[in-house]
Amino acid sequence: MTTPTLLVLDAEPPPRLGRLTGRVRIEHADESTLAERLPHADVLLVWDFTSHAVRKAWPGAGPRPRWVHTASAGVDHLMCPELAASDTVVTNARGVFDQPIAEYVAALVLALAKDLPRTLEFQRERTWRHRETRKVAGTRAVVVGSGPIGRAIDRTLGALDVTTALVGRTRRDGVHGPEDLDRLIARADWVIAAAPLTEQTRGMFDSRRFGVMQPSACFINVGRGPLVVEEALAEALRRRWITAAALDVFASEPLDPASPLWEVPGLIVSPHMSGDTVGWRDELAQQFIQLYERWEAGQPLVNVVDKQRGYVPGH
């Protein structure tokens with residue numbers, strides 16, 4: 001029996017895959033060598049989930065891996081028409097980031113409601129300035145994205161007595177459809193983007209949407225950067241169409257030091273870290289090992305992405 005070849009698109013630190021020793025031939029590639037090595041791999045592990053190398057390397061005739069796993073929730077960085085049309089199975093890291101991201105969102109909600117950014121700013125200035133802050137309990141949130149991350153945000157905000165409406169691709173029990181979004185965000189205190197990036201969601205938060213929100217609203221994006229028209233958000237904050245915002249993801253990452261977003265009033269910028277808790281890389285590696293063992297045993301894989309929709313269906 002031929003030993004399968006696992007190709008890892010590397011990032012530092014590399015994944016700890018010791019449990020697979022002797023069961024699979026592990027090879028490594030970077031952006032410059034991926035296209036050359038891809039045809040010889042049975043499985044591709046996209047450990048560098050910030051890279052777009054898969055989209056560049058996949059097109060063309062010839063053999064390709066039978067299974068691609070990305071160590072991320074989003075798959076937009078690797079999907080291309082050729083991969084979408086192929087019989088290659090794509091899986092993602094669904095389940096690893098749900099609760100950490102939900103906790104991060106809750107922290108942002110509390111920080112914005114309690115004006116913590118200005119408290120820290122006044123402390124640095126040695127300024128004693130008393131203010132009144134907002135009560136979180138009893139406020140309303142709209143979470144755009146009804147998958148595991150959106151549902152975890154719903155549960156976590158519920159513990160703070162926030163009333164949450166989930167918006168998904170289609171209307172169903174407990175989930176509103178896209179046609180309800182404008183009506184819901186017009187009354188929301190918190191608008192939270194946690195949706196996958198698809199052709200339907202790209203740029204969905206634009207000037208019109210920010211104009212629909214009430215002036216006291218706060219906007220948070222922990223989904224994908226291109227869900228938001230960043231210039232429109234900056235303008236909405238400058239004109240005080242909304243009160244504040246927090247972005248953990250951006251159209252281009254890392255955010256350029258020269259980007260005007262760093263200095264937009266009322267905007268919290270964080271470096272795509274909402275899901276990254278201590279030990280998260282080991283969790284990702286263990287998840288892949290468990291998936292590999294299913295694949296090795298001929299069992300159906302879980303976390304299988306619908307390559308046309310761009311996410312794992314069934315939620």
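Owing to the predicted nature of the structure, the values given are computational and were not obtained by experimental measurement. These numbers come from the heavy atoms of this one structure, side chains and all, not from hydrogens, waters or symmetry mates.
Salt bridge status for R66 with D42: present, with a side-chain N to carboxylate O gap under 4.0 Å. Ion pairing of E27 with R37 is absent here, as no side-chain N (NZ or NE/NH1/NH2) approaches a carboxylate O to less than 4.0 Å.
To the nearest 0.5 Å, the span separating CZ on R183 from CD1 on I185 amounts to 11.5 Å. The CG atom of D248 lies 7.5 Å from the CE atom of M273; values are rounded to the nearest 0.5 Å. For the atom pair K56 NZ and S51 OG, the distance stands at 7.0 Å (nearest 0.5 Å). How far NZ of K135 is from CG of D189: 12.0 Å, rounded to the nearest 0.5 Å. One distance of note links CD of Q286 with CD of Q290; it measures 6.5 Å at 0.5 Å rounding. Rounding to the nearest 0.5 Å places CD1 of I289 at 5.0 Å from CG of L20.
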Check against side-chain contact (heavy atoms from CB on, under 4.5 Å), I153 and V222 | CA-CA 11 Å; I153 294 171; V222 290; 4.3 Å; yes

Determine, stepwise, if the pair L7 / L34 fulfils side-chain contact (heavy atoms from CB on, under 4.5 Å).
-> CA-CA 9 Å; L7 182 63; L34 182 63; 3.8 Å; yes

For the pair R151 and D98, evaluate side-chain contact (heavy atoms from CB on, under 4.5 Å) and give the outcome as yes or no after the intermediate values.
-> CA-CA 8 Å; R151 295 199 300 271; D98 306 353; over 6 Å; no

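Under the 3.5 Å distance criterion, with hydrogens and angles disregarded, no donor-acceptor pair is assigned to the side chains of H272 and T50. In summary, the side chains of Q99 and T156 do present a donor paired with an acceptor at a separation below 3.5 Å, with no hydrogens or angles considered.
Evaluation of the ring pair (Phe, Tyr, Trp, His ring centres under 6.0 Å) test over residues 217-254, restricted to residues two or more places apart or in two chains, returns F205-F219, F210-F219. Listed by first and then second residue, the side-chain hydrogen bond (donor to acceptor under 3.5 Å, both in side chains) pairs involving residues 212-228 are D76-R224 (not counting sequence neighbours). Within the structure, ring pair (Phe, Tyr, Trp, His ring centres under 6.0 Å) contacts touching residues 90-122 (residues at least two apart or in different chains) do not occur.
Although no hydrogens or angles enter the test, the distance criterion places a donor-acceptor pair under 3.5 Å between the side chain of K307 and the main chain of S86. Side chain of D282 to main chain of A285: no donor-acceptor pair is present (N/O by atom type, distance under 3.5 Å, no hydrogens or angles).
The two residues G310 and V305 have their closest heavy-atom pair at C-CG1, 4.0 Å.
The shortest distance between side-chain heavy atoms of N303 and Q287 falls below 4.5 Å.
The aromatic rings of H69 and F288 are tilted relative to each other, their planes meeting at an angle between 30° and 60°.
Judged by a 6.0 Å distance limit and a 45° cone about the ring axis, R294 is not positioned over the six-membered ring of W67.
For D276, the salt bridge (charged side-chain N to carboxylate O under 4.0 Å, His left out) criterion is met by no residue, not counting sequence neighbours. For T5, the side-chain hydrogen bond (donor to acceptor under 3.5 Å, both in side chains) test picks out R25, with sequence neighbours left out. Looking at residues two or more places apart in sequence or on another chain, you find a side chain to side chain contact (heavy atoms under 4.5 Å, CB included) between L160 and A106, L110, V136, L157, V162.
Within a 6.0 Å sphere centred on CZ of R187, heavy atoms belonging to other residues, nucleotides or ligands number 12 at most.
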